[in-house]
Amino acid sequence: MAAPASAADPGTAFKLLVSCPTGLPRSRVSVKFHQSFDRIPHPDAALEESINEVMLSIYLPFFSIVHLSDVCMHPIVHLSDVCMHPRQFFISVVPGFLQIWNQRLQQNPSLYSGTKFRDGGNVLHYKDGPNQELRVSLHLGLTDYRTFVGTNLNPSWEKFLVPSEDDSVHCQHMSNPLGNGAIVETSDEKIIVLQRSYNVGEFPGYYVFPGGHSEPQEIGIMSHQTDEEDLARLNDRVSQEMFDGIIREVVEETGVPASSLTDPVFIGVSRREMNVRPTAFFFTKCNIDSIGVNELYSRAQDGYESTKLYAVSVEELQGMAQRMPGCHNGGSLYELMRNAVKSS
């Protein structure tokens, strides 16, 4: 299911990769975590190298200040050149700069490259039995922030895509870290929406739901496991982390206590059409009313990622959709859930 963007803002277009309108509890959401769901490098070597180039362009100001000693011993370095044309200078004038960059990443991979779970697709199925319960298996690999910036946020991101109706094949060369988002309904039936800060890199000032990413490091994952017995336990831990992680995000971004939230249910995955960024969505109820939530936010928020919290009606939420990044258009999943409840 795809939704068009407004003519003025292609970033709001989205595609629903999976929809579970009844809401699936933790017991009906499984994870298959395996290296086969990792990103596949693109066969075009030049396109692959552009991943480093994009990261370099973003982090060069920091790198040139903090690590200037790495290159300032070069006999033809002039600081005026560095200040006037830093990127061109380091790449064209200083031999081996990209090698220095890569060496630093190898020595400390987390320096610019936080690990994330990668979306490798999903399978919906019904459990055998009289109730025919719908279940979902999420296929997850590993990726990192560096590769996300170098593929999904690459100016040439469309070149990484493969023509295919199968989304996992279509995006096999993309980093595609699986974000998470929460539809939080207050006790007076309002939905919590945050306005992004103008300090952030992506979609400053846009409306989003509380969320972020499930973190592999939270459960001690730094790489893939090979032992089958350990892998079964690991899959269960990853699934649990998805549900624990979204509660952490809501608490951190809104200031509401975890004890005020019901156990989240999984309602689907929405993917932004522009640079194909996916987000898994969950629904949870908060036993605090909208006034109380606003008071908690005013004391808790740090003013960096978001600057304002709104508690809005369903109608108001629909009006905000044209200022929501496509990957955060989980409001459509919420609407499908509400319709399913009405028809049941």
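What's counted below: heavy atoms across the whole structure, side chains too, no hydrogens, waters or symmetry copies. Along the sequence shown, the residues carry numbers beginning at 1.
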Enquirer: Going by heavy atoms in the side chains, are Leu333 and Ile183 under 4.5 Å from each other?
Expert: no
Enquirer: side-chain hydrogen bond (donor to acceptor under 3.5 Å, both in side chains) for Asn122 and Ser137? Distances and angles first, verdict last.
Expert: CA-CA 6 Å; Asn122 59 81; Ser137 174; over 6 Å; no
Enquirer: Counting N and O atoms only, with roles assigned by atom type, does the side chain of Asn180 sit under 3.5 Å from a partner on the main chain of Ala280, one being a donor and the other an acceptor?
Expert: no
Enquirer: Please give me the minimum heavy-atom distance between Ser259 and Asn287, naming the atom from each residue.
Expert: O-ND2, 4.2 Å
Enquirer: Within the supplied structure, the quantity of interest is the number of heavy atoms (other residues, nucleotides, ligands) at a distance under 6.0 Å from Ile291 CD1; does it exceed 12?
Expert: no
Enquirer: Among the clusters formed by ILVMFWY side chains lying less than 4.5 Å apart, do Val29 and Leu134 turn up in the same one?
Expert: yes
Enquirer: Any non-hydrogen side-chain atom of Thr12 less than 4.5 Å from a side-chain atom of Pro325?
Expert: no
Enquirer: If you round to the nearest 0.5 Å, how far is OG of Ser214 from CG of Asp244?
Expert: 9.0 Å
Enquirer: Within the structure provided, determine whether Val31 and Met242 are in side-chain contact (heavy-atom separation under 4.5 Å).
Expert: yes
Enquirer: Just by distance, no angles: are the side chains of Ser298 and Glu295 close enough, under 3.5 Å, to form a donor-acceptor pair?
Expert: no
Enquirer: Nearest 0.5 Å, please: how far is OG in Ser332 from CD in Gln318?
Expert: 9.0 Å
Enquirer: Would a distance-only check, ignoring hydrogens and angles, find a side-chain to backbone donor-acceptor pair under 3.5 Å from His173 to Leu161?
Expert: no
Enquirer: Do Thr279 and Ser270 pass the side-chain hydrogen bond (donor to acceptor under 3.5 Å, both in side chains) test, and can you show the C-alpha distance, the side-chain angles, and the key distance before you say yes or no?
Expert: CA-CA 5 Å; Thr279 299; Ser270 176; over 6 Å; no
Enquirer: When you group the ILVMFWY residues by side-chain heavy-atom contacts below 4.5 Å and let the links chain together, are Met337 and Val314 in the same group?
Expert: yes
Enquirer: Can a donor-acceptor pair be found between the side chains of Ser175 and Thr143 at a distance below 3.5 Å?
Expert: yes
Enquirer: Under 30°, 30 to 60°, or over 60°: which ring-plane class applies to Phe37 and His139, parallel, tilted or perpendicular?
Expert: parallel
Enquirer: Measuring from Tyr126:OH to Arg28:CZ, what's the distance to the nearest 0.5 Å?
Expert: 9.0 Å
Enquirer: Look at Glu215 together with Arg248 and state whether they make a salt bridge at an N to O cut-off of under 4.0 Å.
Expert: no
Enquirer: How many angstroms lie between CG in Asn154 and CG in Leu47, if you round to the nearest 0.5 Å?
Expert: 6.5 Å
Enquirer: So, do Arg39 and Gln172 sit near enough that their side-chain heavy atoms are less than 4.5 Å apart?
Expert: no
Enquirer: For the backbone of Gly211 and the side chain of Glu253, can you confirm whether one donor and one acceptor N or O come within less than 3.5 Å of each other?
Expert: yes
Enquirer: Identify which one of Asp119, Thr151, Asn152 satisfies the side-chain hydrogen bond (donor to acceptor under 3.5 Å, both in side chains) criterion when paired with Asn176.
Expert: Asn152
Enquirer: If you take all heavy atoms of Asp38 and Gly141, which pair is closest and at what distance?
Expert: OD1-CA, 3.2 Å
Enquirer: What pair of heavy atoms forms the shortest contact from Ile267 to Gly23, and how long is it?
Expert: CG2-CA, 4.1 Å
Enquirer: Please confirm whether the ring centroid of Phe33 lies under 6.0 Å from the ring centroid of Phe117.
Expert: yes
Enquirer: Any Lys/Arg nitrogen of Arg26 or Asp236 sitting under 4.0 Å from an Asp/Glu carboxylate oxygen of the other?
Expert: yes
Enquirer: Would Val293 and Ile192 count as a side chain to side chain contact (heavy atoms under 4.5 Å, CB included) if you check the C-alpha gap in whole Å, the side-chain angles of each, and the deciding distance to 0.1 Å?
Expert: CA-CA 9 Å; Val293 169; Ile192 295 175; 3.6 Å; yes
Enquirer: Please report the interatomic distance NZ(Lys285) to OG(Ser260), rounded to the nearest 0.5 Å.
Expert: 14.0 Å
Enquirer: Is there a donor-acceptor pair closer than 3.5 Å between any side-chain N or O of Glu48 and the backbone N or O of His42?
Expert: yes
Enquirer: So which heavy atom on Leu296 is nearest to which on Pro257, and how close?
Expert: CD1-CD, 4.0 Å
Enquirer: Would you mind reporting whether Ile221 and Leu142 have side-chain heavy atoms less than 4.5 Å apart?
Expert: yes
Enquirer: Take Phe209 and Val193 through the side chain to side chain contact (heavy atoms under 4.5 Å, CB included) test and state the conclusion after the steps.
Expert: CA-CA 5 Å; Phe209 297 103; Val193 177; 4.1 Å; yes
Enquirer: Think Arg272 forms a cation-pi with Phe14, using NZ or CZ under 6.0 Å from the six-ring centre and within 45 degrees of its axis?
Expert: no
Enquirer: For salt bridge (Lys or Arg N to Asp or Glu O under 4.0 Å), just list the numbers for Arg271 and Asp167, CA-CA rounded to whole Å, side-chain angles, deciding distance to a tenth of an Å, and then say yes or no.
Expert: CA-CA 10 Å; Arg271 193 200 72 191; Asp167 209 72; 2.3 Å; yes
Enquirer: When you measure from the side chain of Glu252 to the backbone of Glu249, do you find a donor-acceptor pair of N or O atoms at a distance under 3.5 Å?
Expert: no
Enquirer: Let me confirm one number: the CG-NZ distance from Leu140 to Lys116, rounded to the nearest 0.5 Å.
Expert: 13.5 Å
Enquirer: Scan side-chain atoms only and decide if Ser239 and Ser30 contain a donor-acceptor pair under the 3.5 Å cut-off.
Expert: no
Enquirer: Where is the tightest heavy-atom contact between Ile246 and Pro210, given as atom of each residue plus distance?
Expert: CD1-O, 4.3 Å
Enquirer: With no hydrogens and no angle check, is any side-chain donor or acceptor of Thr254 less than 3.5 Å from a backbone partner on Val250?
Expert: yes
Enquirer: Is there a side-chain contact between Cys20 and Leu124, using heavy atoms and a 4.5 Å cut-off?
Expert: yes
Enquirer: Report yes if some heavy atom in the side chain of Leu178 is under 4.5 Å from a heavy atom in the side chain of Arg118; otherwise report no.
Expert: no
Enquirer: If you count every heavy atom of other residues, nucleotides or ligands that lies below 6.0 Å from Asp263 atom CG, does the total exceed 12?
Expert: no
Enquirer: Output, in order, the C-alpha distance, side-chain angles, deciding distance and verdict of side chain to side chain contact (heavy atoms under 4.5 Å, CB included) for Trp157 and Met174.
Expert: CA-CA 8 Å; Trp157 65 271; Met174 306 297 282; 4.2 Å; yes
Enquirer: Spell out, as yes or no, whether a donor-acceptor pair under 3.5 Å connects the side chain of Arg277 to the backbone of Leu153.
Expert: no
Enquirer: Could you check whether Asn235 and His34, counting side-chain N and O atoms only, form a donor-acceptor pair closer than 3.5 Å?
Expert: no
Enquirer: Is Ser306 reaching over with its side chain to a backbone N or O of Lys308, donor-acceptor style, under 3.5 angstrom?
Expert: no
Enquirer: For Glu316, is there any backbone N or O sitting under 3.5 Å from a side-chain donor or acceptor partner on Ser313?
Expert: yes
Enquirer: Could you verify whether a donor N or O on one side chain and an acceptor N or O on the other, from Glu185 and Tyr334, lie under 3.5 Å apart?
Expert: yes
Enquirer: Would you call Glu218 and Arg237 a salt bridge, using N to O less than 4.0 angstrom?
Expert: no
Enquirer: Determine yes or no for a side-chain-to-main-chain donor-acceptor pair under 3.5 angstrom, with Tyr310 supplying the side chain and Leu194 the backbone.
Expert: no
Enquirer: Under 3.5 Å, is there a donor-acceptor pair between the Thr186 and Asp188 side chains?
Expert: yes
Enquirer: Taking C-beta and beyond as the side chain, do Phe266 and Phe243 meet within less than 4.5 Å on heavy atoms?
Expert: yes
Enquirer: Evaluate the side chain to side chain contact (heavy atoms under 4.5 Å, CB included) criterion for residues Arg196 and Thr307: first the C-alpha distance (whole Å), next the side-chain angles of each, then the deciding distance (0.1 Å), finally the verdict.
Expert: CA-CA 6 Å; Arg196 284 174 66 79; Thr307 57; over 6 Å; no
Enquirer: So which atom in Phe160 and which in Ser50 form the shortest heavy-atom distance, rounded to 0.1 Å?
Expert: CZ-OG, 4.0 Å
